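Each chain gets a letter, A, B and so on, in the order its sequence line appears, and its residues count up from 1. Small disclaimer: the values here were computed from a predicted structure and weren't measured.
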Number of protein chains: 2
Amino acid sequence: MTERKGKANLEDIARVTGVSKMTVSRVLRGVSGFSDDTRLRVTQAAVKMGYVPNRIAAAFSSDQASTLVGMCVPRLTSGLFGHVLDGVDRALSRLGYQVMIGSNNHDPEEEEAWVRQVVSWRPAGVILSGRTHTPGTVDLLRQAGMPVVEIWDLTTSPIDMSVGFSHYDCGSEIGQFLIRKGRRRAGYVGALSRSDVMGQARLQGFADALMRSGTPLVDREVLHDSPGFYPGYYGLETLLARRPDLDVVYFHNDEMAIGGLAYCQSRGIRVPEDLGIVGWGGMEAASVLPRRLTTTIVPTTTIGKVAAEALVARLRGEAGQDVTVVPTRLVPGETG
Amino acid sequence: MTERKGKANLEDIARVTGVSKMTVSRVLRGVSGFSDDTRLRVTQAAVKMGYVPNRIAAAFSSDQASTLVGMCVPRLTSGLFGHVLDGVDRALSRLGYQVMIGSNNHDPEEEEAWVRQVVSWRPAGVILSGRTHTPGTVDLLRQAGMPVVEIWDLTTSPIDMSVGFSHYDCGSEIGQFLIRKGRRRAGYVGALSRSDVMGQARLQGFADALMRSGTPLVDREVLHDSPGFYPGYYGLETLLARRPDLDVVYFHNDEMAIGGLAYCQSRGIRVPEDLGIVGWGGMEAASVLPRRLTTTIVPTTTIGKVAAEALVARLRGEAGQDVTVVPTRLVPGETG
DNA sequence: TTTCTTTACGTTACCGGTAAACCAACAACA
DNA sequence: TGTTGTTGGTTTACCGGTAACGTAAAGAAA
């Protein structure tokens with residue numbers, strides 16, 4: 001009776017139950033229109049035989065049935081994107097979807113390579129990070145005709161949908177804030193200049209805000225390294241060696257800013273009296289420092305959640321907006 | 001000529017090229033035994049027609065062809081697992097595999113629910129975190145007969161393969177280290193006691209080592225919260241309120257330890273003179289603190305990479321070891 | 001009684017690949 | 001001259017579901 005082997009299929013269940021394959025399929029999918037008796041016998045047989053549905057076959061036959069969603073982030077090791085991923089995964093897995101991940105290291109070419117792979121799995125939808133894509137990527141996704149959500153960096157002309165905020169505005173807001181606080185000689189320490197267009201947008205917004213106030217950005221130091229603590233530490237050291245007269249430094253992100261704080265502490269530079277330190281991102285560590293870091297908090301989990309929900313709404317044919325702004329929050333802190 | 005529509009399939013290419021569908025399939029997969037002329041015509045037609053391979057159909061027909069690998073972690077928001085995921089993804093995507101993620105919040109039941117979903121996609125293999133699984137999980141994976149790698153927490157009797165280290169030994173090693181440093185009254189601050197069996201194992205190893213030296217663990221404070229900075233801060237506060245005479249505290253992980261450090265700083269407790277602070281995990285932030293944290297560094301990326309490679313080796317039928325120990329490293333630091 | 005509905009299921013065809021087996025033409029060999 | 005290989009393909013059957021449509025039987029309506 002226990003005809004296991006882990007390979008029972010609908011037909012096996014049909015044979016055992018004495019109904020047709022189609023009936024088994026429908027009963028197991030919860031389609032209505034069957035007697036309680038049939039329903040019970042089918043479901044019990046399925047359990048007893050250890051039936052494992054074959055989504056490959058299901059997706060193959062109907063292509064409506066794919067529950068795969070692709071999600072590409074710049075770096076899996078980023079704390080911020082870990083939270084975004086968590087928001088996406090929580091929202092999607094609750095609705096029965098599976099998430100395929102990828103990372104592109106801020107490189108649109110790598111992203112295209114990933115999209116090429118993912119599209120061949122005919123997913124229900126795709127979530128990308130950023131608004132910078134190769135023409136090939138856009139083409140592939142357009143041809144595939146599936147929902148696409150671009151997150152993180154807002155764009156007003158998305159491939160399909162967009163959920164995020166403006167990096168330019170983040171930088172601009174910080175710039176204005178620092179001007180109001182009386183800072184006049186600002187510097188910037190960043191990383192990965194070439195490829196991270198979003199970091200560049202923050203810098204641009206920052207520099208433009210300063211410029212408008214008549215106190216342009218004094219100097220910048222951009223390392224070709226991943227934006228971690230050490231690059232922040234050494235980046236600040238290099239920058240201050242060139243420009244000891246800076247009164248505030250804006251960092252690519254909180255990790256780098258914390259590295260900068262460590263440098264100040266090691267050199268006896270008083271923060272914020274001698275030098276202001278400002279980060280971006282809102283990593284949790286930043287809030288338990290002796291002095292709460294001045295930074296911009298980004299609603300990571302929310303962005304993931306909203307993106308996932310927008311995607312599912314579109315799959316269900318519900319109307320939704322194409323562009324969703326998820327606001328960031330400037331935290332004055334005690335270091336700026 | 002440009003018969004786009006994004007839905008060209010092998011048969012379309014075959015028709016255009018004047019060969020059979022099978023020839024197209026083999027040429028595109030790089031099977032040898034075709035004339036250069038045929039090969040060229042087929043590949044060119046495929047490019048021109050914007051052919052996107054259908055892996056669903058391929059996996060369906062051959063079930064050897066699945067390039068999907070499932071990977072389940074306790075929490076996507078953990079910095080450590082972000083690095084593990086990165087190691088896995090880098091290694092697998094380079095070899096043409098796609099990673100489906102999931103998280104189980106340290107709950108074996110959630111893991112089983114995830115496994116049930118993933119197995120129905122007939123993946124090439126599965127990577128799980130931890131060694132604690134429900135019987136249902138083990139059954140599903142055994143029945144499916146696919147490679148399974150359990151990572152992070154080493155087990156000598158894996159479902160299939162295991163890559164990791166002993167959490168018990170981590171705790172034990174720290175215990176011995178602190179004894180040698182002259183500590184005699186040790187406490188512990190942890191989180192998520194019920195569900196995180198790996199954290200519990202570290203605590204057990206720690207307590208056992210202390211016990212063997214005749215200076216048993218004095219007290220512990222375990223919060224029912226995620227193991228972040230604030231729980232570390234308040235956990236230490238609570239613990240010290242009960243036991244002001246402790247001379248060292250072992251934390252569930254580095255985040256919590258940093259929270260503990262913040263508490264000490266806020267209360268004027270000198271570290272390590274008045275109180276030793278010890279973490280676990282080796283998060284990057286811990287190494288740029290004014291005082292380098294005493295902790296255990298875990299080779300996160302390596303574990304992911306090794307696990308992925310072990311899985312692929314098994315898929316290719318190469319011999320490999322079932323259990324791979326990836327050693328951790330105790331960092332003496334300046335806070336212990 | 002006849003016809004119409006509804007309920008509860010069954011039949012058929014097909015999704016797009018791939019494995020396995022088969023085949024035609026030609027060259028080489030003995 | 002027949003046999004054997006090699007090259008370069010083709011044919012057939014099938015993977016396990018699902019959409020679309022068909023239908024028998026029972027009850028309701030006319």
Minimum heavy-atom distance between W114(B) and G102(B), given as atom pair plus value:
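For W114(B) and G102(B), the tightest heavy-atom pair comes out as NE1-CA, 3.2 Å.
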
Quick check: closest heavy atoms across S120(B) and V52(A), and the distance to 0.1 Å?
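Heavy atoms only, the tightest pair is CA-CG1, 4.0 Å.
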
Within this structure, what is the [atom1]-to-[atom2] distance between [X] and [N], rounded to whole angstrom?
X      : N       : atom1 : atom2 : result
I13(A) : dT18(D) : CD1   : P     : 11 Å
K21(B) : dT11(D) : NZ    : P     : 12 Å
R26(B) : dG9(D)  : CZ    : C1'   : 8 Å
I56(B) : dT18(D) : CD1   : P     : 13 Å

Taking side chain to side chain donor-acceptor pair (under 3.5 Å) as the cut-off, I'd like each qualifying pair that reaches into residues 123-137 of chain B, sequence neighbours left out, listed once.
E111(B)-H133(B), E112(B)-T134(B), H133(B)-E150(B), T134(B)-T137(B)

If only side-chain N and O atoms count, and only distance matters, is there a donor-acceptor pair under 3.5 Å linking T43(B) with R39(B)?
no

So, D322(B) and R314(B), do they make that salt bridge, N to O below 4.0 Å?
yes

Ion pair present between D12(B) and R15(B), side-chain N to carboxylate O less than 4.0 angstrom?
yes

Which parts of residues 29-38 of chain B get close to DNA chain D, meaning a heavy atom less than 4.0 angstrom away?
G33(B), F34(B), S35(B), T38(B)

Give, for atom CG of L192(B) and atom CG of D107(B), the distance between the pair rounded to the nearest 0.5 Å.
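L192(B) CG to D107(B) CG: 11.0 Å, rounded to 0.5 Å.
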
Check for a donor-acceptor pair, side chain of T17(A) on one end and backbone N or O of V42(A) on the other, with a separation under 3.5 Å.
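No, because the side chain of T17(A) does not come within donor-acceptor range (under 3.5 Å) of the backbone of V42(A).
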
For a quick check of understanding: with a heavy-atom distance under 4.0 Å over all strands, which category does S62(B) fall into, base, sugar-phosphate or nothing?
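Sugar-phosphate: the residue S62(B), judged by heavy atoms under 4.0 Å, touches backbone atoms but no base.
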
Using the heavy-atom set of chain B and a strict 4.0 Å cut-off, write down the first and last nucleotide of DNA chain C that makes it in, 5' to 3'.
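Answer, 5' to 3': dG16(C) to dA21(C).
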
